[in-house]
Engineer: 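My questions will all concern the structure given below.
Atoms within a ligand are numbered from 1 in the order they appear, just like the ligands themselves. Below, each value reflects all heavy atoms present in this structure, side chains not excepted, and no hydrogens, waters or symmetry copies.
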Amino acid sequence: MTNHNLYLRLVGDRFEKTASQPFLIIPGRRPLLFSELDRMTGCVAARLLELNVEPGDRVMVQVAKSPESVLVYLACLRIGAIYTPLNPAYTTAEVSYFMTDSKPQLLICQPIERESLFDLSLACKVPHIRTLGSDGDGDLMHGLESLTPEMTVVEREADDLAAILYTSGTTGRSKGAMLTHHNLASNAEVLHSYWHWQDQHDVLLHALPVFHVHGLFVALHCALLGCSTVYFLSRFDTGQVIDRLPDCTVMMGVPTFYTRLLSDARLTPELCSKMRLFISGSAPLLAETHREFEQRSGFQILERYGMTEAGMITSNPYHGDRLAGTVGYALPGVSVRIADNNGNELPRGEIGVLELKGPNVFKGYWQMPEKSAAEFRQGGWFISGDNAIMDQTGRISIVGRAKDLIISGGYNIYPKEIEAVIDTIPGVAESAVVGVPHADFGEAVAAIVVKDGSRQLGEQEIIEPLQGRLARFKQPKRVFFVDELPRNSMGKVQKAELRDTYKESFGSK
Ligand code: MCA
Ligand code: AMP
């Protein structure tokens, strides 16, 4: 049997030529060398086995970005466990749902969260909880040197699960997208080739979080396949990124990275003289950002489009026009069509919902067979929920969303989840949550609330009860009170009207 374990494609024994080179360069810490990677993931794998993690078990990880967090990911692949990362911004209440849903064998959390998550892990019958801090501190790594590294790479079939990534749903209930070893491997290999990765020469500037597809799979997989050194920053800090740009050749980011770089006078062509490629995705890049960035740096940003459920789907070309406002062409091996609401393909030039199929498309939502089936058409087309248009050459532009979704600084926020919490606040009759233009985050959350008259309510009375229930980035940055919500004749709240009414809440664009 061929072993389809993604670990073999990403690490294996591929680093002979770069053995002495750093894989991850981390400010203030010793770099992690390519030569150390296989043995160290073996050590972490040995720790996971000690905790009885078996192939197919979920390992839920809610930690700060660190080289050790990458080792944990790779160790999970190695032993065939299913890596299930969570945003550290999630509250205990939110984590509770994910734990109950995925039933992990092991929860790895930040040392500071251990106390608040311990009782919860007991209640959710999670057998083990370990801690990992941003400096590699915490009991997960304790005494690792004394363990015999587990150097086996467990055999996996192509469609065995490698990871579950939670994405919020229109119903307000998160769904775990099941990604297989082949989903991830095929997408990584396509990107590595399509973006002309310069093996052993590219240096990646990595400032994205590593609990989402963009930072974890797109960025790190390309770097591993290309045996590239990575400047691994704990978060996006404009100053640190500017300091590092002269040493790097590739950067991947959400549009906020680019607008923040543009607001710094140090962004010049000289600063980017070693750079080869700037990539943007996860949210729409404004055409004006694309143009300004080209003027200031000399580089046309390459915009691509993807989803948690399918990794990367389309990309602007490496050679040829990277057109502002478009997301380019379907990647090799990926089929894309524009369809009406019944799944009938539309002629080129008409707006419809983007549907896709290919080796990148996920296996379904964890323990939600009906929900999974509902998102696919006959013939295996996955319904993205994004409105798009395809021109005569096959070039795609995303023109809006069929799904009620806000994308703020690259994070997805589903209004329903926020509305459901706001509606439980005493004094609230009903609420509607929309995304409105925001210069830094692209979109920001605004809540429009109708009072029931039973008590006095101000902005604080709405925001305060959300603490501890919703991650900070989901909480409304503005709250407005109205007598009634605009509805159509069917009684449906007119969100487009609300978005228009409050479009200048964060200043005009
Ligand atoms: C932080 N805050 C936010 C966001 N981030 N509010 C709204 N939207 C956000 N994205 C809030 C915090 O809660 C905090 O609020 C305040 O802003 C400052 O927080 P801080 O952590 O200092 O913010 P930051 O470091 O400046 O982060 C902003 C950021 C970050 C750099 C844009 O959010 C980021 O790295 N985003 C990338 C997300 C990403 O990787 N998405 C890819 C998804 P308070 O002060 O009230 O506490 S994968 C995907 O979408 C698909 C597959 C694809 O195509 O890639
Ligand atoms: P997520 O569920 O976090 O994986 O986010 C996927 C969604 O992000 C897609 O369905 C799109 O709505 C959006 N998205 C990703 N890349 C782009 C892009 N380049 N332009 C517009 N929207 C994008």
Engineer: Regarding S315 and W195, do their side chains bring together a donor and an acceptor under 3.5 Å, going by distance alone?
Structural biologist: yes
Engineer: Is a side-chain donor-acceptor pair under 3.5 Å present for N87 with Y166?
Structural biologist: no
Engineer: Of Q467, M312, R235, R304, which has the heavy atom at the shortest distance from atom 23 (O) of ligand 1?
Structural biologist: R235
Engineer: Can you find a side-chain donor-acceptor pair between T249 and D202 that sits under 3.5 Å?
Structural biologist: yes
Engineer: Quick one about Y318 and R276 (side-chain donor to acceptor, distance below 3.5 Å, no hydrogens or angles considered), yes or no?
Structural biologist: yes
Engineer: Hey, looking at atom 19 (N) of ligand 2, which of R304, R401, K403 has the closest heavy atom?
Structural biologist: R304
Engineer: Would you say the side-chain atoms of R469 and T424 include a donor-acceptor pair closer than 3.5 Å?
Structural biologist: yes
Engineer: Tell me, which protein residue and heavy-atom name are nearest atom 33 (O) of ligand 1, and how many Å apart are they?
Structural biologist: Y411 CE1, 3.4 Å
Engineer: Take I383 and L356 through the side chain to side chain contact (heavy atoms under 4.5 Å, CB included) test and state the conclusion after the steps.
Structural biologist: CA-CA 7 Å; I383 309 165; L356 65 139; over 6 Å; no
Engineer: Is there any N or O on T256 that sits under 3.5 Å from an N or O of ligand 1?
Structural biologist: no
Engineer: Judged by modelled atom types alone, do Y365 and E309 share a side-chain donor-acceptor pair under 3.5 Å?
Structural biologist: yes
Engineer: Would you verify that at least one protein heavy atom lies under 4.0 Å from atom 21 (O) of ligand 1, or report that none does?
Structural biologist: no
Engineer: Is the closest N or O pair between H212 and ligand 1 shorter than 3.5 Å?
Structural biologist: no
Engineer: Does any donor atom in the side chain of R260 or T238 lie under 3.5 Å from an acceptor atom in the other side chain?
Structural biologist: no
Engineer: Between the side chains of H438 and K477, does any donor sit under 3.5 Å from an acceptor?
Structural biologist: no
Engineer: Is there a heavy atom of H212 sitting under 4.0 angstrom from any atom of ligand 2?
Structural biologist: no
Engineer: Nearest protein heavy atom to atom 29 (C) of ligand 1: under 4.0 Å?
Structural biologist: no
Engineer: Salt-bridge test for K495 and E419: reply yes if a basic N is under 4.0 Å from a carboxylate O, no otherwise.
Structural biologist: yes
Engineer: Just by distance, no angles: are the side chains of T91 and E94 close enough, under 3.5 Å, to form a donor-acceptor pair?
Structural biologist: yes
Engineer: Using a 3.5 Å cut-off on N or O atoms only, is V254 in polar contact with ligand 1?
Structural biologist: no
Engineer: Using a strict cut-off of 4.0 Å, indicate which atoms of ligand 2 neighbour a heavy atom of P284.
Structural biologist: 20 (N), 21 (C), 22 (N)
Engineer: Which ligand 2 atoms does E303 reach within 4.0 Å, using its non-hydrogen atoms?
Structural biologist: 18 (C), 19 (N), 20 (N)
Engineer: Side chain to side chain contact (heavy atoms under 4.5 Å, CB included) for N316 and R395? Distances and angles first, verdict last.
Structural biologist: CA-CA 8 Å; N316 267 279; R395 186 184 277 275; 2.7 Å; yes
Engineer: Determine whether any protein heavy atom is located less than 4.0 Å from atom 41 (N) of ligand 1.
Structural biologist: yes
Engineer: What atoms of ligand 2 come within less than 4.0 Å of a heavy atom belonging to T308?
Structural biologist: 1 (P), 2 (O), 3 (O), 4 (O)
Engineer: Rounded at 0.5 Å granularity, tell me how far CE in M368 sits from OG in S174.
Structural biologist: 8.0 Å
Engineer: Give me the residue, atom name and distance of the protein heavy atom closest to atom 2 (N) of ligand 1.
Structural biologist: F441 CZ, 3.8 Å
Engineer: So that I can tick it off, tell me whether R296 and E292 are bridged by a salt bridge, with the cut-off set at under 4.0 angstrom between side-chain N and carboxylate O.
Structural biologist: no
Engineer: Within a distance under 4.0 Å of any heavy atom of L208, pick out the atoms of ligand 1 and give their elements.
Structural biologist: 40 (O)
Engineer: With a heavy-atom distance limit of 4.0 Å, tell me whether F473 approaches ligand 1 through its side chain, its backbone, both, or neither.
Structural biologist: both
Engineer: Using the side chain to side chain contact (heavy atoms under 4.5 Å, CB included) rule, take V241 and L205 through it: C-alpha gap first, then chi angles, then the decisive distance, then the call.
Structural biologist: CA-CA 8 Å; V241 168; L205 185 44; 3.8 Å; yes
Engineer: Using a heavy-atom cut-off of under 4.0 Å, does the side chain or the backbone of S280 touch ligand 2, or both, or neither?
Structural biologist: neither
Engineer: Tell me which one of S234, S282, G311, G409 gets a heavy atom nearest to atom 50 (O) of ligand 1.
Structural biologist: S282
Engineer: Just distances here: any N/O of R260 and N/O of ligand 1 closer than 3.5 Å?
Structural biologist: yes
Engineer: How close does the nearest protein non-hydrogen atom get to atom 35 (O) of ligand 1, and which residue and atom is it?
Structural biologist: P209 CD, 3.6 Å
Engineer: For ligand 2, find out whether one of its N or O atoms is nearer than 3.5 Å to an N or O atom of S384.
Structural biologist: no
Engineer: Under a 4.5 Å cut-off applied to non-hydrogen side-chain atoms, are T92 and V95 in contact?
Structural biologist: no
Engineer: Quick one: nearest non-hydrogen protein atom to atom 13 (C) of ligand 2, plus distance?
Structural biologist: I407 CD1, 3.3 Å
Engineer: Give the atom numbers and elements of ligand 2 that come within less than 4.0 Å of a heavy atom of N412.
Structural biologist: 1 (P), 2 (O), 3 (O), 5 (O), 6 (C)
Engineer: Which distance, rounded to the nearest 0.5 Å, do you find between the CD1 of I164 and the OG of S102?
Structural biologist: 6.0 Å
Engineer: What protein heavy atom is closest to atom 7 (C) of ligand 1, reported as residue, atom name and distance in Å?
Structural biologist: S408 OG, 3.1 Å
Engineer: Do any nitrogen or oxygen atoms of K477 lie less than 3.5 angstrom from nitrogen or oxygen atoms of ligand 1?
Structural biologist: yes
Engineer: Protein heavy atoms near atom 18 (C) of ligand 1, is at least one of them under 4.0 angstrom away?
Structural biologist: no
Engineer: Give the residue, atom name and distance (to 0.1 Å) of the protein heavy atom nearest atom 9 (C) of ligand 2.
Structural biologist: D386 OD2, 3.3 Å
Engineer: Hey, are R472 and Q467 close enough side-chain-wise for a donor-acceptor pair under 3.5 Å?
Structural biologist: yes
Engineer: Judged on heavy-atom distance to atom 51 (C) of ligand 1, which of S280, A283, G306, A89 sits nearest?
Structural biologist: G306
Engineer: Mind checking the CD-CG spacing from E303 to L323? Nearest 0.5 Å is all I need.
Structural biologist: 11.0 Å
Engineer: Among R472, M307, M252, which residue places a heavy atom closest to atom 13 (O) of ligand 1?
Structural biologist: R472
Engineer: From atom 37 (C) of ligand 1, is the closest protein heavy-atom distance below 4.0 Å?
Structural biologist: yes
Engineer: How close does the nearest protein non-hydrogen atom get to atom 16 (N) of ligand 2, and which residue and atom is it?
Structural biologist: S282 N, 3.1 Å
Engineer: Give the residue, atom name and distance (to 0.1 Å) of the protein heavy atom nearest atom 6 (C) of ligand 2.
Structural biologist: G306 O, 3.5 Å
Engineer: Show me which atoms of ligand 1 lie under 4.0 Å from any heavy atom of T308.
Structural biologist: 52 (C)
